2 protein chains.
Amino acid sequence: MEQNPSKKVQILESALELIKENGFHGCPISQVAKQASVAAGSVYTYFESKDEMILELYTYVKTEVAKKISEKDDPKKNFEARFFDLWNNVTSLYREKPAFQSFLDQFSSSPYNTEAVQLECDPLGQWLEAFFKEGVESGQLKALNPKIISIMVLGSLISLVRFTTYFKAKTASAAQDLHLIPQMVWDGIKFQS
Amino acid sequence: MEQNPSKKVQILESALELIKENGFHGCPISQVAKQASVAAGSVYTYFESKDEMILELYTYVKTEVAKKISEKDDPKKNFEARFFDLWNNVTSLYREKPAFQSFLDQFSSSPYNTEAVQLECDPLGQWLEAFFKEGVESGQLKALNPKIISIMVLGSLISLVRFTTYFKAKTASAAQDLHLIPQMVWDGIKFQS
DNA sequence: AATACGTGATTGAACGTTCATTCACTCATT
DNA sequence: AATGAGTGAATGAACGTTCAATCACGTATT
């Protein structure tokens, strides 16, 4: 008998859900196992330790997000349209999979996120950088380091998602205007004649 | 004898430091007490529970940040200059007090941040909203809901700080261009003739 | 085709540790 | 003498992890 890859994913998804609901605090192995319909001990056939499990979960989520975002891009459209597509794709992905957003957010600000982890392959970061590089080189964006543009755009985007997720109460009165934010961001990065 | 307010602050600062270093995981009451030079039991003279302590810490940090940011604003300057001042003041405050930024970040994405907490008084949010309202009403910013502008600006700002803090390795190559971000943000929100 | 064997996944009770919290006590101040 | 802040050992619950036992399956032997 071999390790069952779908069971591994089951465990990861279970941990993801618990972390979304209760944070890192609230995902004891006992619960992760229960929700994944396996015994506590079985988690250790798939992962060396709980920490290893969390780190693999990070890789798993990062990869899933990058895949979904990149495959929805249509390079035949003009760059401005692709920018707004990107914006909408990320926001709707996170609305669809709130556990992804919640986990990435908690992970990023946690001590799990060491320098070593940051140096790992980051498919989403790489894809975004290439995307904005194209915009700069074709003269549609300001002549800036694509990495900087990435930071600024992803920053506003993540923050918007964070605000709408965590600060529901606060943004209720402003909710109908949130769609104006991508336009502001575009105005900030586009080449100004 | 009365409760010693400076000892309360000592405990809060000790927890703040431990959370910055090790996350919520890594700040057991035993350590908090040790670093604050009090006995573990004493923490319970000042706080009902650990959770209460964390919640008070949030109020404490929020208030400190709002105080420092608002008092550095000079309403006599023109609005654009005040915007860049604000940007610099926040980034340098967080560079000076990394524990503030780290705590706020971890708290915001944690389950501590319930709806009830969000509805509490938020002095920084209020101050920012008033600031941007002024910019809109004097015609220097786009005619948008000041709350939206707040979200967008604070979003980019926090993300920039997050990136430079957590993703040191990644941004090294882009570090010298990070100062261009506030200009992009300004271009996004300023009134375009 | 039937049986026995080996392999490795799976189980969940048990273990040692860590943690938040309690409480009987001390001691400085009034 | 009374008060209440301060102490830190004690408590019990919860946690990550281990492990001996069990189980399900593929392979070899008859």
Side-chain angles (χ1 to χ4, degrees), chain A residues 1-60 102-103 106-107 110-114 117, chain B residues 1-60 102-103 106-107 110-114 117:
Chain A
M1 232 190 301
E2 287 203 336
Q3 280 192 7
N4 184 340
S6 87
K7 198 163 278 187
K8 188 168 182 174
V9 172
Q10 253 174 54
I11 294 170
L12 288 174
E13 295 275 0
S14 165
L16 196 57
E17 197 56 33
L18 278 165
I19 290 170
K20 188 200 80 182
E21 291 305 330
N22 316 312
F24 286 112
H25 279 266
C27 81
I29 293 291
S30 57
Q31 293 262 357
V32 171
K34 195 187 222 176
Q35 201 156 114
S37 309
V38 298
S42 295
V43 173
Y44 291 83
T45 3
Y46 295 96
F47 307 97
E48 281 217 336
S49 66
K50 189 185 177 182
D51 280 4
E52 277 298 322
M53 185 190 75
I54 304 276
L55 291 172
E56 278 207 42
L57 186 48
Y58 179 55
T59 307
Y60 171 72
S102 174
F103 171 77
Q106 293 187 57
F107 185 93
S110 80
Y112 284 114
N113 191 28
T114 60
V117 169
Chain B
M1 235 190 296
E2 286 204 333
Q3 281 193 2
N4 185 340
S6 86
K7 198 163 279 188
K8 187 168 184 174
V9 172
Q10 253 174 54
I11 294 171
L12 288 175
E13 295 275 0
S14 165
L16 196 57
E17 196 57 32
L18 279 165
I19 290 170
K20 188 199 78 181
E21 291 305 331
N22 316 313
F24 285 113
H25 278 266
C27 80
I29 293 291
S30 57
Q31 294 261 357
V32 172
K34 196 188 223 178
Q35 200 157 115
S37 309
V38 299
S42 296
V43 173
Y44 292 84
T45 341
Y46 295 97
F47 307 98
E48 282 215 336
S49 66
K50 189 184 177 182
D51 280 3
E52 277 298 321
M53 185 190 75
I54 304 277
L55 290 172
E56 278 207 42
L57 185 49
Y58 180 53
T59 307
Y60 171 72
S102 174
F103 172 77
Q106 292 187 58
F107 185 93
S110 81
Y112 283 114
N113 191 29
T114 61
V117 168

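Protein chains get the first letters and strands the later ones, always in sequence-line order, with residue 1 at the start of each. Because the structure is predicted, anything quoted here is derived from the model rather than measured.
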Check residues 26-36 of chain A and write down every donor-acceptor pair under 3.5 Å in which the side-chain atom is one partner and the other belongs to a residue at least two apart or another chain.
none

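For A:Ser42 and C:dA9, the shortest distance from a side-chain N or O to OP1 or OP2 is not below 4.0 Å. When the side-chain nitrogen and oxygen atoms of B:Tyr44 are compared with OP1 and OP2 of D:dT7, none of them lie within a distance under 4.0 Å.
Using a 4.0 Å cutoff on non-hydrogen atoms, the parts of residues 48-55 of chain B near DNA chain C are B:Ser49, B:Lys50, ordered by number. Proximity of residues 21-39 of chain A to DNA chain C (heavy atom under 4.0 angstrom from any strand atom) is restricted to A:Val38, A:Ala39.
Residues passing the side chain to side chain contact (heavy atoms under 4.5 Å, CB included) test with A:Glu21, sequence neighbours excluded: A:Glu17. Listed by chain and number, the residues in a side chain to side chain contact (heavy atoms under 4.5 Å, CB included) with B:Ser37 amount to none (sequence neighbours excluded). Legend: residues meeting side-chain hydrogen bond (donor to acceptor under 3.5 Å, both in side chains) with B:Ser102, ordered by chain and number and at least two apart, are B:Gln106. Scanning for side chain to side chain contact (heavy atoms under 4.5 Å, CB included) contacts around A:Glu56 gives A:Lys8, A:Phe47, with sequence neighbours left out. With sequence neighbours excluded, no residue forms a side-chain hydrogen bond (donor to acceptor under 3.5 Å, both in side chains) with B:Tyr44.
Listed by first then second residue, pairs satisfying salt bridge (charged side-chain N to carboxylate O under 4.0 Å, His left out) with a partner in residues 37-51 of chain A number zero, not counting sequence neighbours.
Straight-line distance from the CZ atom of A:Phe47 to the C1' atom of C:dT10: 15 Å, rounded to whole Å.
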